[in-house]
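Some notes on the structure that comes next.
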Amino acid sequence: YLFRGEIRGTYPMSCDVDARHLIKDKAMVLVGLVVLGFVLIGCGFANWLLLPLSVVTTVGAIAIYLAERKPIRRTKRISWRVVVFVLSLFIVVKGLEVSGVTDALGHLILAVVGQNPVYATFLISMASAFLCNVVNNIPMTAMMVPITSGIAATPDMVLAYAYALVIGSNLGANITITGALAGILWIECARAEKWSTGVSEFIKTGLTVTPIVILASAAVLALEIVIL
């Protein structure tokens with residue numbers, strides 16, 4: 001609805017373009033799809049096998065390197081700015097944990113919501129959504145999981161905290177470009193193609209849609225916890 005005036009009904013297509021020739025290396029496309037399938041399935045079984053997700057993704061990366069046999073070319077195509085950015089965020093989060101900020105945050109959450117799953121659902125959904133846009137949703141989740149698991153005293157509270165974090169970390173990351181790794185990678189790819197969008201425009205759209213969706217999702221979750 002927000003973009004109803006900007007999206008056209010049809011787009012012209014050049015008859016001179018043969019889509020079959022747009023893929024330059026069909027073998028690597030097949031390898032990439034196979035590795036992607038392996039990583040997705042592997043991540044699903046990682047917890048069951050007591051393996052860190054990093055093991056699965058590292059195996060996938062090594063498989064790509066071995067199949068392509070162009071390690072220097074592949075390494076140069078890595079967005080190192082994004083890698084350094086994400087690593088820096090994890091360092092910041094670890095610093096907050098060591099300095100005692102996360103413990104203080106846990107006590108504050110407990111003082112506000114107690115053991116009320118409805119309060120916890122709405123507070124954690126909105127708070128984690130806000131924190132996503134401060135430190136990115138991946139390090140935010142890594143910081144919040146031990147906090148919430150440490151203060152949840154009932155099964156309902158465990159569910160409320162866990163799923164509220166899912167809501168906040170996934171939906172809240174849509175407010176700013178840096179809220180999620182996907183947004184950061186998207187803007188990097190867009191800039192590589194000589195196209196970008198204004199930060200203010202992105203935030204304006206995110207603030208218009210995201211809070212409504214988060215509140216609606218939190219309300220459904222709270223209702224399910226109370227009823228079930």
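Quick note: numbers below take in every heavy atom, side chains included, and nothing from hydrogens, waters or symmetry partners.
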Show which side-chain atoms of residues 171-182 pair as donor or acceptor with protein atoms under 3.5 Å away, not counting sequence neighbours.
| residue | atom | partner | partner atom | Å |
| --- | --- | --- | --- | --- |
| N174 | ND2 | L171 | O | 3.3 |
| T176 | OG1 | N133 | OD1 | 2.7 |
| T176 | OG1 | G179 | N | 3.3 |

Cluster overlap [X] with [Y], hydrophobic side-chain contacts below 4.5 Å:
X    : Y    : answer
W48  : L51  : yes
L215 : V226 : yes
I138 : F85  : yes
M28  : V35  : yes
I147 : V134 : yes

Heavy-atom side-chain contact between F90 and V135 under 4.5 Å: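 SC-SC contact between F90 and V135 ruled out.
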Donor-acceptor pairs are to be reported for all side-chain atoms of residues 52-60 against protein atoms at under 3.5 Å, with residues two or more places apart or in another chain.
| residue | atom | partner | partner atom | Å |
| --- | --- | --- | --- | --- |
| T57 | OG1 | L53 | O | 3.2 |
| T57 | OG1 | S54 | O | 3.1 |
| T58 | OG1 | S54 | O | 2.6 |

Using a 3.5 Å cut-off and no angle test, enumerate the donor-acceptor pairs between side-chain atoms of residues 64-75 and protein atoms at least two apart in sequence or in another chain.
| residue | atom | partner | partner atom | Å |
| --- | --- | --- | --- | --- |
| Y65 | OH | T75 | OG1 | 2.9 |
| E68 | OE1 | R74 | NE | 2.8 |
| E68 | OE1 | R74 | NH2 | 3.2 |
| E68 | OE2 | R73 | NH1 | 2.8 |
| E68 | OE2 | R74 | NH2 | 2.9 |
| T75 | OG1 | P71 | O | 2.6 |

CD1 on I212 to OG on S217, rounded to 0.5 Å: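 One gets 11.5 Å once the value is rounded to the nearest 0.5 Å.
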CD1-CZ distance between I214 and F122, expressed to the nearest 0.5 angstrom: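 CZ of F122 is found 11.5 Å from CD1 of I214.
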Only pairs under 3.5 Å count here: list side-chain donor-acceptor contacts from residues 125-132, not counting sequence neighbours, and write none if there are none.
| residue | atom | partner | partner atom | Å |
| --- | --- | --- | --- | --- |
| S125 | OG | T121 | O | 2.7 |
| S128 | OG | I124 | O | 2.5 |
| S128 | OG | S125 | O | 3.2 |

Distance-minimising heavy-atom pair for P139 and L89: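 That would be CG-CB, 3.9 Å.
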Where N137 and T141 come nearest, the two heavy atoms and their spacing: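 Here N137 and T141 meet closest at O-OG1, 2.7 Å.
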Which donor-acceptor pairs under 3.5 Å do the side chains of residues 93-114 make with protein atoms, sequence neighbours left out?
| residue | atom | partner | partner atom | Å |
| --- | --- | --- | --- | --- |
| S99 | OG | G95 | O | 2.9 |
| S99 | OG | L96 | O | 3.0 |

N/O donor to acceptor pairs below 3.5 angstrom from side-chain atoms of residues 148-166, sequence neighbours left out:
| residue | atom | partner | partner atom | Å |
| --- | --- | --- | --- | --- |
| T148 | OG1 | M144 | O | 3.0 |
| T148 | OG1 | V145 | O | 3.2 |
| S149 | OG | V145 | O | 2.9 |
| S149 | OG | P146 | O | 3.2 |
| T154 | OG1 | M157 | N | 3.2 |

Residues, nucleotides or ligands: over 12 heavy atoms within 6.0 Å of Y119 OH: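 Open.
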